[in-house]
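Values in this document were obtained by computation on a predicted structure and should not be read as measured data. Reckoned from all heavy atoms, side chains included, excluding hydrogens, waters and symmetry mates. Chain identifiers are assigned alphabetically (A, B, ...) following the order of the sequence lines, protein sequences preceding nucleic acid strands; residue numbering begins at 1 within each chain.
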Amino acid sequence: MPDNGLTPELMKEMYYMMALSRHMDDRLWALNRQGRAPTVYSSNGHEAAQVGSAFALRRGEDWIVPYYRDMALVLAWGMTPREVMLHFFAKAEDPNSGGRQMMAHWGSHRLHILSTGAVVATQDVHAAGLALASKVLKDGRVSVAYFGEGSTSQGEFHEALNFAAVHKLPVVFFNENNGYAISVPQRKQMVVQDISARADAYGMPGVSVDGNDPIKVYEVTRAAAERARRGEGPTLIEAKTYRFVPHSSDDDDRAYRSREEVQEHKKYDPLLMFESRLLADKILTEEEKADMAKKIKAVIDDATSYADKAPLPDADTLGLYVYGDDSK
Amino acid sequence: MPDNGLTPELMKEMYYMMALSRHMDDRLWALNRQGRAPTVYSSNGHEAAQVGSAFALRRGEDWIVPYYRDMALVLAWGMTPREVMLHFFAKAEDPNSGGRQMMAHWGSHRLHILSTGAVVATQDVHAAGLALASKVLKDGRVSVAYFGEGSTSQGEFHEALNFAAVHKLPVVFFNENNGYAISVPQRKQMVVQDISARADAYGMPGVSVDGNDPIKVYEVTRAAAERARRGEGPTLIEAKTYRFVPHSSDDDDRAYRSREEVQEHKKYDPLLMFESRLLADKILTEEEKADMAKKIKAVIDDATSYADKAPLPDADTLGLYVYGDDSK
Amino acid sequence: MAQMTFLEAIRETLRQELARDERIIVYGEDVGVRGGVFRVTEGLQAEFGEERVIDSPLAEAAIIGTAIGASVNGLRPIPEIQFADFIFPAMNQIIQEAARMRYRSNNDFEVPIVIRAPFGGGVRGGIYHSQSIEAFFAHVPGMKVVIPSTPYDAKGLLAQSIEDPDPVLFLEHKGLYRSIRGEVPEERYLLPLGKADLKREGKDVTLITYGLMTQLALKAADSLAEEGIQVDVLDLRTIRPFDKEAIFASVKKTGKVLIIHEDNRTGGFGGEISAVIAEEMLFDLDAPIMRLTGPDVPAMGFSPPLEHAFMISAEKIVEEARKLAKF
Amino acid sequence: MAQMTFLEAIRETLRQELARDERIIVYGEDVGVRGGVFRVTEGLQAEFGEERVIDSPLAEAAIIGTAIGASVNGLRPIPEIQFADFIFPAMNQIIQEAARMRYRSNNDFEVPIVIRAPFGGGVRGGIYHSQSIEAFFAHVPGMKVVIPSTPYDAKGLLAQSIEDPDPVLFLEHKGLYRSIRGEVPEERYLLPLGKADLKREGKDVTLITYGLMTQLALKAADSLAEEGIQVDVLDLRTIRPFDKEAIFASVKKTGKVLIIHEDNRTGGFGGEISAVIAEEMLFDLDAPIMRLTGPDVPAMGFSPPLEHAFMISAEKIVEEARKLAKF
Ligand SMILES: Cc1ncc(C[n+]2csc(CCOP(=O)(O)OP(=O)(O)O)c2C)c(N)n1
Ligand SMILES: Cc1ncc(C[n+]2csc(CCOP(=O)(O)OP(=O)(O)O)c2C)c(N)n1
Ligand SMILES: [Mg+2]
Ligand SMILES: [Mg+2]
């Protein structure tokens with residue numbers, strides 16, 4: 001195996017982030033089912049793709065433009081569990097939106113996570129724009145847009161890739177292909193099997209990778225980021241993965257996919273597979289694993305109770321920050 | 001040469017249509033320069049692509065959704081020179097828009113030319129929609145969208161092709177690639193050299209053809225239309241050609257391309273090349289050619305004077321046809 | 001007569017219309033197998049097949065643009081936009097194409113499509129699942145904009161929208177879907193576009209509104225009646241065209257007007273209503289023309305205090321109407 | 001002071017700003033080598049290079065969307081939409097993204113971009129090269145909409161728009177580009193957004209307008225003066241925010257209001273202006289609030305009789321103002 005820069009420590013950190021996200025996600029569903037928050041969007045199943053790619057970038061310095069599926073990504077990028085929970089509970093302190101946006105609409109200037117709305121594929125264009133500035137200002141940053149395969153049907157996906165290719169921008173388009181857009185399976189969304197096949201239309205490299213393997217994802221993302229930093233332009237990456245839970249807590253996925261199908265995919269659970277591998281390779285010990293589990297539980301408990309107690313935004317703040325001069 | 005269904009008579013008709021369009025175009029520019037009409041959009045240079053494709057379809061039965069560059073197309077499709085001139089002069093009798101739209105915004109329900117606006121790439125989606133109805137209603141029609149290479153940067157181009165591919169619609173996307181979008185050369189518009197390379201992203205066949213050869217264009221269009229009629233779905237055709245005149249009469253192309261470049265392309269003038277070939281192949285005689293030239297002049301003279309004398313729309317009609325119930 | 005929710009009335013109308021006219025197709029994101037994210041189209045694909053109830057790719061401009069083409073070539077498409085907030089990628093197709101097609105072709109073409117979209121807030125949707133979008137489209141000549149407030153109206157207006165030869169935007173307030181029930185005749189009936197419905201008669205103040213706000217206004221009217229204030233509740237039902245005659249008749253009677261909408265205030269459709277009154281009825285007025293609207297912030301916040309502060313309520317209506325009555 | 005056309009004033013301001021601030025980039029379709037289809041950006045690419053004056057692909061959503069991203073990462077983009085009629089494919093990026101970014105992020109992000117777009121008719125542009133689009137954007141919290149009427153104003157307002165920390169739509173009426181000349185100081189100056197300019201003082205009637213219509217109103221004011229009618233010509237300069245104080249001050253004085261815009265009547269911004277007057281100044285009015293606007297047809301016809309029938313003229317203004325004066 002060529003040196004990919006991944007030390008055992010980094011791999012353990014990756015594993016930790018994946019496990020943290022999975023457990024956070026489980027907690028969010030539990031809280032939702034208890035009626036304590038109205039909506040969950042999950043990264044459950046996508047952890048390897050998200051965490052693997054995050055580790056390949058300069059976290060906090062490069063720009064990411066995530067979508068609602070990307071909790072594992074923003075955790076790996078530096079958002080704390082408390083911050084995620086504050087967002088989930090829509091509290092005033094939520095750094096993503098101050099409780100203004102529904103869960104999973106990420107954003108943090110400090111962390112270089114561009115604020116996101118809900119309209120899919122807009123983030124692709126924004127990432128190209130961030131990269132346009134990097135090219136002009138020569139700041140050495142790479143920008144990465146994250147998006148589902150369904151969103152590639154949008155015109156803005158096409159416009160973003162084309163613009164970025166023409167201007168050789170330092171940007172990576174990172175697709176998390178889970179085979180469904182809510183209930184719509186990929187074959188009703190497009191004829192091609194691989195999202196990466198769309199890269200040729202823009203004269204940029206397209207690469208498909210096993211999105212359940214964080215190391216492979218790390219490697220392709222790293223290569224794409226390096227290429228971007230060298231001034232050679234954008235790359236389209238497709239990480240093939242699966243979503244283990246419904247689209248959101250408002251969805252019921254039994255209407256559109258069989259339990260057998262879901263079970264089949266669970267055989268390739270990215271978290272469990274990575275765990276086995278790290279254990280087998282003796283990168284992770286059973287003891288470390290147990291410690292991490294304990295730590296994760298503590299961190300999530302802390303985040304939950306902190307966020308639970310935090311105040312809601314004041315109704316009087318409704319009119320603030322429509323314009324920059326409002327704050328003066 | 002395999003039998004492509006093109007009889008000498010049809011080839012002569014093709015030639016006639018190409019020559020008619022070229023001479024119409026020359027007349028439009030002359031009228032514009034005399035101050036008798038404010039704007040010309042030309043098909044000058046694109047005649048082979050447009051006429052060749054028209055002859056491969058069921059003219060008047062299939063649907064075409066042209067763009068402003070397509071005067072030769074609509075003439076070949078059945079619009080009369082008088083109708084074109086009425087449109088150019090924005091007279092009440094103009095069947096395209098009753099003088100409401102600027103020149104080259106074609107449309108005729110009778111001829112199955114869908115009314116077009118100016119926003120590029122919208123027609124791609126409309127053609128897919130016409131074809132969706134054909135699929136449901138099984139009317140056997142094929143729809144064809146025409147568009148420039150610049151317009152393929154628009155999101156709606158992408159959405160149209162994807163939608164058509166998923167639903168296997170009987171539609172053909174016909175690109176007239178002249179290398180420029182007003183002043184912007186293709187290399188600033190996209191990285192790929194061939195528009196047809198964009199077809200793979202939708203899992204549909206893409207084919208590039210010499211757009212200066214009406215026979216070749218005819219053949220690929222015919223194959224695409226047959227494929228569509230067989231229920232096998234859409235095709236993307238790229239006809240490579242050149243525009244010999246500025247983008248419109250408001251443009252000055254010396255700012256963005258050299259006279260040498262234009263002269264170089266004139267060596268491949270589709271009208272002159274086709275004429276030589278028909279003469280060499282003895283499909284057309286010098287005498288027939290002279291007769292046609294005479295007829296064309298007469299037809300254009302007639303159209304010009306007819307349209308010139310025709311009344312302008314009455315100002316009182318301004319409020320008509322905003323809604324269907326207005327007419328009641 | 002059957003009691004139905006607002007949502008059921010729409011579903012039943014779609015079913016009845018699909019059965020009545022083979023040219024009708026319904027499509028959009030998740031409308032088929034899943035029956036729509038709100039279940040409005042539940043069961044329709046099973047009943048009418050995959051060719052007439054279509055799960056489309058995730059592309060709003062394509063959804064509307066293909067509907068335009070399909071309508072020209074003989075179908076009667078009823079595309080759905082999953083949330084009104086996501087209609088913006090299709091604005092070009094709606095405004096520049098669907099709404100201008102008849103005019104630009106000098107009546108040679110028409111675009112009979114009905115675009116359905118759930119809109120509005122108060123349902124914990126946050127900034128991107130709560131928006132009111134009607135003002136953008138009510139400004140567009142060539143468009144019609146229909147916004148029903150009851151199950152009965154929803155059926156009659158939807159059937160009429162399908163009959164209409166022009167593009168109709170049919171907006172369904174999410175707050176009505178399951179909260180409002182009412183009697184709905186089984187047989188087909190049509191309610192005209194452009195005619196308001198005086199949902200309650202009074203004499204002191206005119207409340208002019210549409211959609212969910214009509215229900216809130218009716219609640220407010222009850223409370224106001226207890227205070228001895230009698231209000232007209234004029235439900236516009238359609239805002240383009242809108243029923244000036246009905247507005248003028250009510251204003252003539254009361255001399256006092258409160259216009260209510262959830263949409264942002266500045267540039268909202270309330271301004272237009274106010275303007276026609278100020279143009280034509282100025283000397284019939286006994287008080288300033290007042291508007292009670294959503295505030296001028298980009299959209300509704302997600303957190304309950306923010307959502308609550310944004311939303312119109314019966315209480316807020318009572319308060320404003322009372323001020324006017326006492327004016 | 002130099003005499004300049006409206007168009008030259010904009011070009012010179014862009015040049016001055018590009019020279020002043022390295023973070024500014026100008027881009028759009030044909031703005032580079034060709035200098036724009038109206039020549040507004042002529043010479044800028046030669047002077048500032050291909051990296052700062054960019055010929056972009058033909059894709060409006062990408063133009064605006066990349067400007068958003070670029071502004072977040074440190075640039076000050078001034079994207080151009082070639083004709084305002086072609087802004088619709090970018091509506092989603094403008095309304096849902098640029099205008100909502102600050103609010104949705106609770107002030108963590110801002111989008112300082114200036115979108116320039118030529119708009120308006122009377123120049124033989126027909127349905128798709130003549131439209132007025134301001135009402136769509138004036139309805140959007142988070143947006144600012146600037147519409148200058150003179151070369152002097154164009155410079156000061158464009159410079160201020162560039163300074164502004166929020167997205168600004170800067171609309172340039174094509175009818176002003178070469179027809180209007182005026183003195184323009186060479187040095188940089190800023191005119192505040194949200195402040196109207198009383199371009200002429202009268203006492204009998206208030207004309208409220210913006211853009212090219214200001215010039216027509218000033219012409220009308222001359223004719224009216226000959227008849228002994230003195231009008232206020234209040235040029236709003238920016239319609240979001242708009243200057244209520246200046247409106248109220250003038251209405252207080254004259255008691256008679258004529259609002260003028262070329263945009264379609266129903267749902268146009270005139271309704272909003274009328275509504276705030278009817279809300280706050282009703283008892284200062286001596287006559288109905290009148291609007292003189294483009295008619296409710298999808299857009300301006302191409303043929304001269306149709307274009308002429310659509311357009312506002314000084315004569316039409318005189319006629320309406322005279323009626324009001326005599327009221
Ligand atoms: C423009 C737009 N239309 C519709 C929606 C509603 N919607 C939210 S998520 C979604 C499916 C997205 O699927 P995909 O891109 O595959 O991402 P996944 O959720 O599978 O990760 C839809 C239709 C939206 N957010 N934006
Ligand atoms: C959405 C949109 N943006 C901008 C324009 C202005 N415009 C008209 S034609 C044109 C260039 C089109 O180039 P291409 O598609 O290559 O067609 P060609 O004229 O070369 O045949 C532009 C930018 C438009 N009509 N529509
Ligand atoms: Mg997916
Ligand atoms: Mg071209």
- request: Would you indicate whether D:Lys253, at its atom NZ, is surrounded by more than 12 heavy atoms from other residues, nucleotides or ligands within a distance under 6.0 Å?
  value: yes
- request: Can you establish whether the number of heavy atoms outside D:Lys316 located under 6.0 Å from its atom NZ is more than 12?
  value: yes
- prompt: For the candidates D:Gly270, D:Ala99, D:Ala90, D:Gly268, which exhibits the highest count of non-hydrogen atom pairs separated by less than 4.5 Å from chain C?
  reply: D:Gly268
task: Between chain C and each of D:Val257, D:Asp263, D:Ile239, D:Ile94, count heavy-atom pairs under 4.5 Å; write down the option with the most.
output: D:Asp263
I'd like to know which of [options] tops the heavy-atom pair count under 4.5 Å against chain D.
options: C:Glu280, C:Met281, C:Glu272; answer: C:Glu272
options: C:Asp296, C:Ile273, C:Leu285; answer: C:Asp296
options: C:Gly301, C:Ala275, C:Ser274; answer: C:Ala275
options: C:Gly271, C:Ala61, C:Pro295, C:Gly126; answer: C:Gly271
options: C:Met143, C:Gln96, C:Met91; answer: C:Gln96

Chi angles and distances behind the side chain to side chain contact (heavy atoms under 4.5 Å, CB included) call for D:Asn264, C:Val140: CA-CA 8 Å; D:Asn264 305 119; C:Val140 178; over 6 Å; no
Answer with side chain, backbone, both or neither: which region of [X] has an atom nearer than 4.5 Å to a non-hydrogen atom of chain D?
X: C:Val297; answer: both
X: C:Phe302; answer: neither
X: C:Gln93; answer: neither
X: C:Ala138; answer: backbone
X: C:Asp286; answer: backbone
X: C:Val276; answer: both
X: C:Arg240; answer: side chain
X: C:Ile95; answer: side chain
X: C:Asp85; answer: both
X: C:Ala287; answer: backbone

For residues [X] and [Y], report the shortest heavy-atom separation together with the two atoms involved.
X: D:Ile127; Y: C:Arg100; result: CG2-CD, 4.0 Å
X: D:Pro288; Y: C:Phe283; result: CD-CE1, 3.8 Å
X: C:Pro141; Y: D:Pro298; result: CB-N, 3.6 Å

From [X] atom [atom1] to [Y] atom [atom2], the distance as rounded to the nearest 0.5 Å:
X: D:Phe88; Y: C:Phe88; atom1: CZ; atom2: CZ; answer: 12.5 Å
X: D:Leu282; Y: C:Leu282; atom1: CG; atom2: CG; answer: 5.5 Å
X: D:Arg291; Y: C:Glu279; atom1: CZ; atom2: CD; answer: 4.5 Å

Per-residue contact mode, [X] against chain C (heavy atom under 4.5 angstrom):
X: D:Ile289; result: both
X: D:Gln131; result: side chain
X: D:Ala278; result: both
X: D:Phe269; result: side chain

message: For the residue pair C:Tyr128 / D:Arg104, report whether a side-chain donor-acceptor contact shorter than 3.5 Å exists.
response: yes
task: Indicate yes or no for a side-chain donor-acceptor contact from C:His139 to the backbone of D:Ala135 under 3.5 Å, with no hydrogens or angles considered.
output: no
